[in-house]
Every structure is written in C-alpha cells, then in structure tokens.
Amino acid sequence: MTIDERITTELRRHAPEVDEHAAWDRIQSKAPARKRTRAIMQVSMSAAATAVLVLGVIGLSNLDVRLNGEGRVATQPDHREPTVDETGTIGRLVEAINAR
C-alpha cells in the first residue's frame with residue numbers, strides 16, 4: 001500500500017464527509033507557497049550566517065594575537081601614546097574629581 005492509498009483510506013475512515021479530491025487540490029495548491037517560504041527562509045538564514053562569519057573575521061583581524069609559550073592565545077595591549085586632546089581631557093577629569 002502506498003502512502004497516498006493509506007492517507008486516502010484513513011481519510012475515508014475518519015472523515016467520510018470530506019471530499020478527498022478537493023482536499024488534495026487544496027494541499028497541492030498551497031505547495032508552491034510553502035516552497036517559496038522555505039526558499040526565502042533558507043536565503044535569509046544563509047545571509048545571516050554569512051554576516052556573522054564576516055563580522056567575526058573582521059573582529060578577529062583587528063586583534064593583535066600571538067601564541068604564548070603554553071600554546072594559549074594572548075592578546076597584545078595597545079601601546080600607543082595618548083594624544084594631546086586625550087591628555088587634556090584626562091587632566092580636566094582628574095581636576096574635576098579632585099575638586100569634589
């Protein structure tokens with residue numbers, strides 16, 4: 001017995017008032033919409049996965065990473081000197097804190 005025959009038999013047994021041909025027609029008419037929805041979901045999931053991958057690579061490329069002697073990843077701190085503007089801002093913040 002094929003699956004179509006089994007479904008038809010069960011439909012006749014449990015719902016004899018249902019027109020099986022009309023039910024199959026409704027099921028088949030909705031199939032393209034389901035396929036389209038599934039395709040849209042697959043494309044959007046692929047785009048999201050690609051975006052996460054690209055952003056992860058960009059984020060990792062901004063790290064200065066080296067392996068230490070134990071084989072664990074250690075990041076290098078930023079050793080640049082503060083600019084004149086940053087130094088002035090820091091000085092004003094320290095003065096404001098000390099004034100309180």
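All figures in this text were calculated on a predicted structure; none of them were measured in a lab. Heavy atoms only: backbone and side chains are in, while hydrogens, waters and symmetry mates are out.
- Ionic pairing of R92 and E95 is not present here: no N-O contact between side-chain nitrogen and carboxylate oxygen is shorter than 4.0 angstrom.
- Taken to the nearest 0.5 Å, the NE2 atom of H14 stands 10.5 Å off from the OG1 atom of T9.
- Rounded to the nearest 0.5 angstrom, I3 CD1 and E5 CD are separated by 11.0 Å.
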*Stepwise side chain to side chain contact (heavy atoms under 4.5 Å, CB included) test for E86 and T89*: CA-CA 5 Å; E86 291 171 342; T89 303; 5.6 Å; no

